[in-house]
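Heads up, the thing below is written out as structure tokens.
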Amino acid sequence: MKASTIPNSHRFLPGAAAAFRRLPLPTFTTVRMSLREDAPSLAVVGVTGAVGQEFLSVLSDRSFPYRSIKMLASKRSAGKRITFEDQDYVVEELTAESFRGVDIALFSAGGSISKQFGPLAVESGAIVVDNSSAFRMDQKVPLVIPEVNPEAMAHIKLGSVKGALIANPNCSTIICLMAATPLHRRAKVLRMVVSTYQAASGAGAAAMEELELQTREVLDGKQPTCKIFKQQYAFNLFSHNAPVMSNGYNEEEMKLIKETRKIWNDMNVKVTATCIRVPVMRAHAESVNLQFENPLGEDTARDILKNAPGVLVIDDRAANHFPTPLEVSNKDDVAVGRIRRDVSQEGNYGLDIFVCGDQIRKGAALNAVQIAEMLL
Ligand SMILES: NC(=O)c1ccc[n+]([C@@H]2O[C@H](COP(=O)([O-])OP(=O)(O)OC[C@H]3O[C@@H](n4cnc5c(N)ncnc54)[C@H](OP(=O)(O)O)[C@@H]3O)[C@@H](O)[C@H]2O)c1
């Protein structure tokens, strides 16, 4: 697994959440040969946030070529300094003028900012890779996981289009489909039942801080502070904090359902999901039950997953060793284990798997940078 070069103070292990909020922003000191005159100009929108910082880490790790890079955030952060690949940058306030001369803009500042500034960036000629849910279900906007459906954005290349939008799927969808798609390709999934165990980092740095603070408070016998979530998070778990809709599903669950259909280009696949927040600092886990049209044995499934790009099989029954959020934190690969025949289904028509993935990395920044790589 490829490790992130993000500084230790930002790795979101216990003790790190508060450090994240206490900027100065980190220094990415590795000098790379990626600063080149013939390369695209970049903008990172939301550069001071959890995903924005990971964008910088991934761009550096993968030696993404660029001739210039704009660091954009809100007025609150304007003037802050970031050192990236041995160059000093000043964070600028995001405005309608920010995208002049920008070729690729990586957005991670929330849905309302994407809705307001995404189209302006496109008008200026930039190709926007957006991490929010603002455009995911727009039929004209490709929703892409590079290992799964690269063909959806095959018509968009730097130099051949003037301005375009590409959406990054929801983090739970990416992690689930990284594991389910290689099996779907072989045996065709008819129905998928997903249960998620989602980390604090998915709700941003402030949620991580709250989990850390609450843990200390509860151990000290104090009343836990509840600001980000309405209920106690430490030593507890609860239904995902996304708004609950009239059909009883919350928005996170419906994203998984709708995005899977769009990415697989299969409006008939049956998907249901239950999304839960668990008191884990970073990286999501998901239990996935699959029902297939064609038979698929567990040994064949394990072999398929072992050969799937971006997937790491951790499936040691003898040692009871399977994927954990800690093992995948700050890693690129999605880990899969507990690969077993679903005994509630006849024959080899059902499988259960357990998946863990770093949702700030493959679930957000890494996936978006891989999309940007496909534009070159
Ligand atoms: N965290 C995840 O695992 C994850 C995964 C997939 C997708 N996403 C999506 O990525 C986006 C960011 O998430 P995050 O966790 O990184 O959030 P975050 O840590 O709260 O960071 C938010 C970023 O947006 C910027 N921002 C806020 N208001 C702004 C404005 N008016 N103009 C310009 N910039 C503004 C913030 O800048 P300031 O510092 O100046 O406030 C900060 O850089 C969200 O859409 C989220 O749904 C997150």
Side-chain angles (χ1 to χ4, degrees), residues 4 6 10 12 16-18 20-26 43-58 70-82 90-99 105-118 120-121 128-136 143 145 167-176 196 198-211 228 240-243 251-252 255-256 259 275 277 280-284 325 328-330 357-369 371:
S4 151
I6 201 160
H10 290 213
F12 300 137
F20 185 86
R21 298 299 275 184
R22 284 194 302 268
L23 302 170
L25 294 163
V44 178
V45 181
V47 72
T48 50
V51 176
Q53 288 292 291
E54 200 68 27
F55 271 139
L56 297 184
S57 174
V58 174
K70 270 192 186 179
M71 309 287 183
L72 300 169
S74 79
K75 202 174 185 170
R76 292 178 291 278
S77 303
K80 279 184 181 168
R81 290 182 180 280
I82 292 180
V90 176
V91 176
E92 296 172 41
E93 180 187 353
L94 172 66
T95 69
E97 313 302 314
S98 297
F99 300 100
L106 303 171
F107 268 65
S108 70
S112 59
I113 301 295
S114 293
K115 277 191 186 141
Q116 189 183 346
F117 290 95
L120 294 175
V128 171
V129 185
D130 183 36
N131 252 293
S132 79
S133 57
F135 304 106
R136 285 180 193 148
L143 182 64
I145 306 172
N168 215 44
N170 175 263
C171 48
S172 303
T173 311
I174 294 177
I175 291 164
C176 177
T196 71
Q198 298 186 219
S201 55
M208 297 162 70
E209 243 185 274
E210 183 154 304
L211 173 58
I228 304 294
H240 193 282
N241 46 297
E251 285 181 5
E252 184 81 356
K255 283 176 190 172
L256 228 159
E259 291 177 20
C275 293
R277 277 269 178 233
V280 164
M281 200 55 86
R282 176 165 175 157
H284 292 347
V328 299
S329 289
N330 297 291
D358 185 320
Q359 90 293 340
I360 301 184
R361 209 158 166 93
K362 181 56 188 167
L366 170 63
N367 197 75
V369 172
I371 288 173

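In listed order, ligands and their atoms are each counted from 1. The first residue of the sequence shown is numbered 1, and numbering continues consecutively from there. Everything quoted here is computed from the prediction, not taken from an experiment.
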Numbered atoms and elements of ligand 1 in range of Ser132, under 4.0 angstrom, heavy atoms
45 (O)
Shortest heavy-atom approach to atom 45 (O) of ligand 1 - which of Ala78, Ser201, Gly110
Gly110
Closest to atom 9 (C) of ligand 1 by heavy-atom distance, out of Ile360, Thr95, Thr173, Asn131, is Asn131
Ligand 1 atoms in contact with Ser77 (distance to a heavy atom under 4.0 Å):
38 (P), 39 (O), 40 (O)
Tell me whether Ser329 contacts the main-chain N or O of Pro325 through its side chain, where contact means a donor paired with an acceptor under 3.5 Å.
yes
Any donor-acceptor pair under 3.5 Å linking the side chain of Ser114 with the backbone of Gly110?
yes
Between Arg277 and Glu210, does at least one N-O distance fall below 4.0 Å, as a salt bridge requires?
no
Mind checking whether Leu94 has an N or O less than 3.5 Å away from an N or O of ligand 1?
no
Would you tell me which option among Leu72, Ile113, Val45 has the nearest heavy-atom contact to atom 30 (C) of ligand 1?
Ile113
Proximal ligand 1 atoms for Gly363, defined as those under 4.0 Å from one of its heavy atoms
6 (C)
Note: ligand 1 atoms sitting under 4.0 Å from heavy atoms of Gly204 are 15 (O)
Any idea which atoms of ligand 1 are less than 4.0 Å away from a heavy-atom of Ala364?
5 (C), 6 (C)
If you measure from atom 3 (O) of ligand 1 to every heavy atom of Gln359, Arg76, Lys75, which option wins on shortest distance?
Gln359
How long is the straight-line distance from CZ of Arg136 back to CG of Asp130, given to the nearest 0.5 Å?
7.5 Å
Closer than 4.0 Å to some heavy atom of Thr48 - which atoms of ligand 1 meet that?
36 (C), 37 (O), 38 (P), 39 (O), 40 (O), 42 (C), 43 (O)
N/O donor-acceptor pair under 3.5 Å between Gln359 side chain and Cys171 backbone
no
Will you find, in the side chains of Ser98 and Glu92, an N or O donor that is under 3.5 Å from an N or O acceptor?
no
Under 3.5 Å, side chain of Arg282 to main-chain N/O of Ala200, donor-acceptor pair present?
no
Quick one: does Ala203 get an N or O within less than 3.5 Å of an N or O on ligand 1?
no
Could you tell me, atom by atom, which parts of ligand 1 come under 4.0 Å of a heavy atom of Val47?
43 (O)
Is the shortest side-chain heavy-atom distance between Ile145 and Asn367 below 4.5 Å?
yes
Thr95 OG1 to Phe117 CZ distance, which is reported to the nearest 0.5 Å:
7.0 Å
